[in-house]
Amino acid sequence: MISIDSLREVLELEHKKGYTDKAIIGGLDKYLHKQAGRIRQTLVLSLNEVKTKELIPQLLAIFDELNLANSNYGTCSVDERKRWMASIFDWLGKVEEAKEDTLTSPLPSRERNKIRVTAVAKSQLKRRSPERSEGTSERLDSPITTIKGITPSVANKFAKLGVRTAHDLLYFLPRRYIDYSQRKPVSELKEGEEQTIIATIWQARIATFGNRRGTEAIVGDETGNIRVVWFNQPYLAKKFPTNARVVISGTVSMFKGQKVFQSPEWELLQDKELIHTGRLVPIYPLTQGLYPRQVRKWTKEAIDGWAWQISDFLPSEIKTRCRLLQLPEAITQAHYPDNQQIVEKARERLAFDELFLLQLGVLARKRDWQEGQPGNAFNIDQELISRFLHCLPFTLTQAQERVLQEILTDLKQPKAMSRLLQGEVGSGKTVVATLALLVAVANGYQGALMAPTEVLAEQHFNNICGHLSQASAHPLATAQQSKGTLTYPLPSRERNNVRVYEGFLSQPLTLALLIGSLKDSEKESLHHKIKQGEIDIVIGTHALIQKEVEFSKLGLAVIDEQHRFGVLQRSALRQKGFNPHVLVMTATPIPRTMALTLYGDLDLSVIDELPPGRQEVKTRWLNPQHREKAYAFIHRQVDAGGQTFIIYPLIEESEVLEAKAATTEYERLSREVFPDLKLGLLHGQMNASDKEEIMRRFRGGELDILVSTSVVEVGIDIPKASVMVIDGADRFGLSQLHQFRGRVGRNKEQGYCILIPEKLSPEVKERLKLMERIHNGFALAEEDLKLRGPGEFFGTHQSGLPDLKIAKLSNLRLLELARQEATSLSQSDPDLNKAEHQLLSQQLSQVWSNYVEWS
Ligand code: ADP
Ligand code: MG
């Protein structure tokens with residue numbers, strides 16, 4: 001309470017002295033600027049005892065609005081000073097009143113204690129503001145140019161680092177810290193260690209080292225003297241007056257038998273807090289034109305002036321339970337920590353915030369979906385399911401069975417399913433999804449399956465039709481099953497994008513393929529049929545979520561390879577139905593806790609077992625100079641009856657350029673390397689019927705080699721393919737490479753994967769070696785996470801989730817903690833209506849504001 005009491009004393013004195021700004025030496029502004037943070041902290045502490053908890057944020061809000069740190073009292077007229085002071089006294093009164101609330105036992109009436117910034121005080125603040133000198137705007141979201149010394153050109157440099165406002169600067173955290181806290185007497189300095197001395201400058205002068213000019217100083221304490229040199233910084237000499245006290249931090253080295261500090265950090269010892277020396281010194285990420293010492297000065301300025309203003313939105317209960325620091329404290333310590341332990345605590349608090357808010361948002365979204373409106377409870381016809389399973393050329397694995405049951409259980413509920421199905425590449429997710437789609441249709445609903453590429457959509461269409469033609473007694477328009485394989489090539493080259501099966505359900509079952517490259521007339525006709533309910537299951541690409549597509553009764557939406565879609569697209573499909581069940585599938589496995597955090601709006605099923613007989617794909621990386629070896633290997637494999645993919649993922653960002661690269665290579669390979677073999681070319685720029693034709697020929701064994709861009713990355717299923725060559729493997733993440741690799745070795749034959757980097761570096765080698773060694777998608781995903789960081793790995797931004805700056809998804813303990821807290825809070829106060837959750841509610845909507853569309 002000291003700070004608040006002394007504030008009152010100072011202000012009362014000022015009042016006595018007639019508002020002449022004489023109460024305190026140096027002026028009231030300076031005093032308030034320095035004390036505001038402390039006052040706020042004491043306030044927070046003392047208010048913790050208050051019974052009526054909602055008073056706390058209110059009192060803090062008023063305090064923040066009073067903006068003591070940037071008071072500009074000195075420039076105000078006496079009248080303004082009086083009015084402003086009155087509003088502070090008013091506030092102080094309320095603080096006292098609130099504190100009485102702690103002591104007096106009968107519950108005070110809520111009304112009496114409802115506190116608002118009084119009309120008077122508010123209008124005064126408004127009237128005062130034009131008087132304020134330019135650039136001392138008080139809000140946390142003011143541009144950083146508000147901070148002393150930050151010019152517009154410096155601000156531009158900060159902008160490159162994503163720092164635009166004072167608030168951003170507070171959250172602009174050091175990458176690491178140098179420990180200069182070890183203070184030593186000069187005589188005890190040791191060579192090679194990072195140490196700090198406090199010494200007196202005996203002499204400092206410009207010196208020449210070889211042909212460079214720099215500064216040389218002799219400094220010392222009562223135990224001895226030491227030479228300090230700075231190369232290239234002759235201007236320093238002027239900054240070191242003889243007899244001044246200086247703090248030097250750095251590594252001591254030996255020169256001609258003498259100890260010397262070479263280009264150490266330095267700081268004159270004044271009454272200011274040390275920021276460059278003598279402590280844990282923050283090292284910030286920099287960009288050209290920003291220098292460490294400047295940045296430290298500015299972050300310090302920002303913290304002193306603003307950190308206390310940050311309102312701590314986390315309910316105190318949670319802070320206590322999770323042993324988290326107060327937010328202003330955490331920010332301060334994350335920049336200028338007292339010691340190493342507190343760094344961890346500070347960062348933990350900030351990381352917790354990110355994860356907690358992420359989780360709260362995700363849970364809120366789930367509630368909207370599930371509780372906003374009732375879902376459709378399906379009947380499960382076991383006989384139908386067994387009939388379908390019976391006709392498959394294989395039996396389900398145990399994992400498939402289990403997951404199928406999980407899904408069926410969801411479908412029976414009168415609330416919409418929201419389930420994520422994870423499964424290793426080739427684990428057989430499609431067939432499980434197919435069953436769910438059939439259940440929807442049997443219940444009189446429509447089903448939709450959305451895939452990220454046309455090639456994949458067509459494959460799904462053909463395979464599902466193939467299964468159905470086996471299961472139907474009298475297929476009207478059937479696909480044929482090619483002997484010996486489990487896939488079903490189209491019977492003819494003709495486009496055949498609507499098919500009808502009779503005899504499987506009591507009514508005819510109609511499937512359609514809807515992709516962007518259909519003719520407009522075909523699309524229109526499909527749109528019409530979907531709207532009329534004449535199509536039962538529609539399989540397609542993004543074309544499914546165009547606004548023209550309206551379903552008559554969509555009951556289940558399946559999204560395949562969800563990592564390729566943003567959340568927006570997911571929810572677009574969801575919105576096509578009357579709260580349909582949703583199943584999303586992915587082959588990019590992530591650890592469970594992580595999945596629950598990122599996709600916490602989804603329940604999780606995992607197929608953790610491959611169909612029997614699959615072998616590990618033998619994987620080797622190859623020096624780009626030895627490409628010939630790969631070609632020779634392909635020749636041998638083709639002779640033995642295998643098929644090969646060669647992937648050219650040259651330019652990820654541009655499908656056009658990628659297509660061009662693949663085309664050039666295709667021509668070269670056909671002419672020069674494999675003139676005796678049959679090659680096909682596949683890329684995203686081809687029209688749909690050409691793509692389909694190529695896939696049909698490759699699947700049917702007419703082609704030996706498929707030269708392709710990354711369009712085959714997801715889902716493509718060619719059982720006879722045995723070799724996967726990726727030329728330019730360094731351009732992909734491990735999970736993606738694993739996806740490619742999953743395209744081969746799908747039957748009992750041994751599969752091979754050859755990785756050829758475009759540029760070979762030690763890091764690339766390291767990564768490709770991991771591919772040789774690790775064959776488990778989960779393990780690779782974790783390695784990927786470590787190597788590339790979560791942002792890139794999940795593309796969280798693109799996937800519609802707020803970015804994580806501080807939190808590491810690999811910190812499973814904190815993830816779990818944040819998840820628990822978020823879950824229990826969203827149960828006890830789902831809409832964050834309670835007064836003590838107001839700040840949190842604001843913070844939540846701020847963080848998620850860019851993502852509202854899909855709530
Ligand atoms: P993914 O999970 O990667 O999407 P798919 O659904 O494409 O995998 O299945 C890969 C291949 O495995 C397909 O050819 C599919 O017919 C086959 N398959 C699926 N389940 C089984 C099973 N239980 N036994 C044998 N083969 C299966
Ligand atoms: Mg798949």
Go through T299 and Y336 one step at a time and tell me if the side-chain hydrogen bond (donor to acceptor under 3.5 Å, both in side chains) criterion holds.
-> CA-CA 9 Å; T299 54; Y336 292 95; 3.0 Å; yes
Distance from R227 atom CZ to Q258 atom CD, nearest 0.5 Å?
-> 8.5 Å
State, to 0.1 Å, how close L814 and A351 come at their nearest heavy-atom pair, and which atoms those are.
-> CD2-CB, 3.6 Å
Quiz: residues 157-165 side-chain donor-acceptor pairs under 3.5 angstrom, not counting sequence neighbours:
unit_1, atom_1, unit_2, atom_2, d
T165, OG1, H167, N, 3.4
T165, OG1, D168, N, 3.0
T165, OG1, D168, OD1, 3.4
T165, OG1, D168, OD2, 3.4

Can you list every side-chain hydrogen bond (donor to acceptor under 3.5 Å, both in side chains) pair that touches residues 246-255, not counting sequence neighbours?
-> T196-S249
Please say whether the positively charged group of R767, taken as NZ for Lys or CZ for Arg, lies over the ring of W621, i.e. under 6.0 angstrom from the six-membered ring centre and within 45 degrees of the axis.
-> no
Looking only at heavy atoms, which two atoms of T332 and A307 are closest? And how far apart?
-> OG1-CB, 3.9 Å
Criterion salt bridge (Lys or Arg N to Asp or Glu O under 4.0 Å) on R321 and E317, from CA distance to verdict = CA-CA 6 Å; R321 203 166 31 234; E317 254 177 69; 3.8 Å; yes
Give a yes-or-no answer on whether the side chains of T200 and R245 include a donor-acceptor pair shorter than 3.5 Å.
-> yes
Exercise: identify the closest heavy-atom pair between P337 and R279 | O-NH2, 3.1 Å
Does some side-chain heavy atom of K759 sit less than 4.5 Å from a side-chain heavy atom of D730?
-> yes
Residue of the set K259, Q195, Q182 for which side-chain contact (heavy atoms from CB on, under 4.5 Å) holds with K190 = Q195
Min side-chain heavy-atom separation I756-I726 under 4.5 Å | no
Ion pair present between D312 and R349, side-chain N to carboxylate O less than 4.0 angstrom?
-> yes
Carboxylate-amine/guanidinium contact K345 E329, below 4.0 Å | no
Given the rule in the side-chain contact (heavy atoms from CB on, under 4.5 Å) test, do I201 and I218 qualify, once you have shown the distances and angles that lead to the verdict?
-> CA-CA 6 Å; I201 300 169; I218 305 294; over 6 Å; no
CZ of F172 to CD1 of I144: how many Å apart, nearest 0.5 Å?
-> 9.5 Å
Grab the two heavy atoms, one from P328 and one from I310, that are nearest each other, plus how far apart they are.
-> CG-O, 3.9 Å
Tightest non-hydrogen contact, residues A334 and L173, listed as CB-CD2, 3.9 Å
Nearest heavy-atom contact between A155 and I150 is N-CG2, 4.1 Å
After noting the C-alpha distance and the side-chain angles of D353 and F313, does the key distance pass the side-chain contact (heavy atoms from CB on, under 4.5 Å) rule?
-> CA-CA 9 Å; D353 286 357; F313 52 84; 3.5 Å; yes
About how many Å separate CD of Q843 and CG of L327, when rounded to the nearest 0.5 Å?
-> 8.0 Å
The salt bridge (charged side-chain N to carboxylate O under 4.0 Å, His left out) partners of R741 (sequence neighbours excluded) come to none
Which word best sums up how the rings of W266 and W230 line up, parallel for under 30°, tilted for 30 to 60°, or perpendicular for over 60°?
-> perpendicular
Taking it one step at a time, do D338 and Q333 satisfy side-chain hydrogen bond (donor to acceptor under 3.5 Å, both in side chains)?
-> CA-CA 7 Å; D338 294 343; Q333 293 289 349; 3.0 Å; yes
With a 4.5 Å heavy-atom cut-off, do Q340 and L280 have their side chains touching?
-> yes
Could you please spell out the steps behind the side-chain hydrogen bond (donor to acceptor under 3.5 Å, both in side chains) verdict for H276 and Y180?
-> CA-CA 9 Å; H276 308 298; Y180 285 146; over 6 Å; no
Could K239 and E267 be called an ion pair, given the rule that one side-chain N must be under 4.0 Å from one carboxylate O?
-> no
Give a yes or no on whether a salt bridge exists between R323 and E348, defined as a side-chain N under 4.0 angstrom from a carboxylate O.
-> no
Euclidean distance, L286 CG relative to Y284 OH, rounded to 0.5 Å = 10.5 Å
Around atom CD of Q270, are there more than 12 heavy atoms of other residues, nucleotides or ligands at under 6.0 Å?
-> yes
How many angstroms lie between CE in M771 and CD in E766, if you round to the nearest 0.5 Å?
-> 14.0 Å
Answer yes if the ring centres of W202 and F240 are under 6.0 angstrom apart, and no otherwise.
-> no
Distance, nearest 0.5 Å, that separates CD of Q846 from CG of L839 | 11.0 Å
Below 4.5 Å, heavy atoms only, C-beta onward: do L170 and I303 meet side chain to side chain?
-> yes
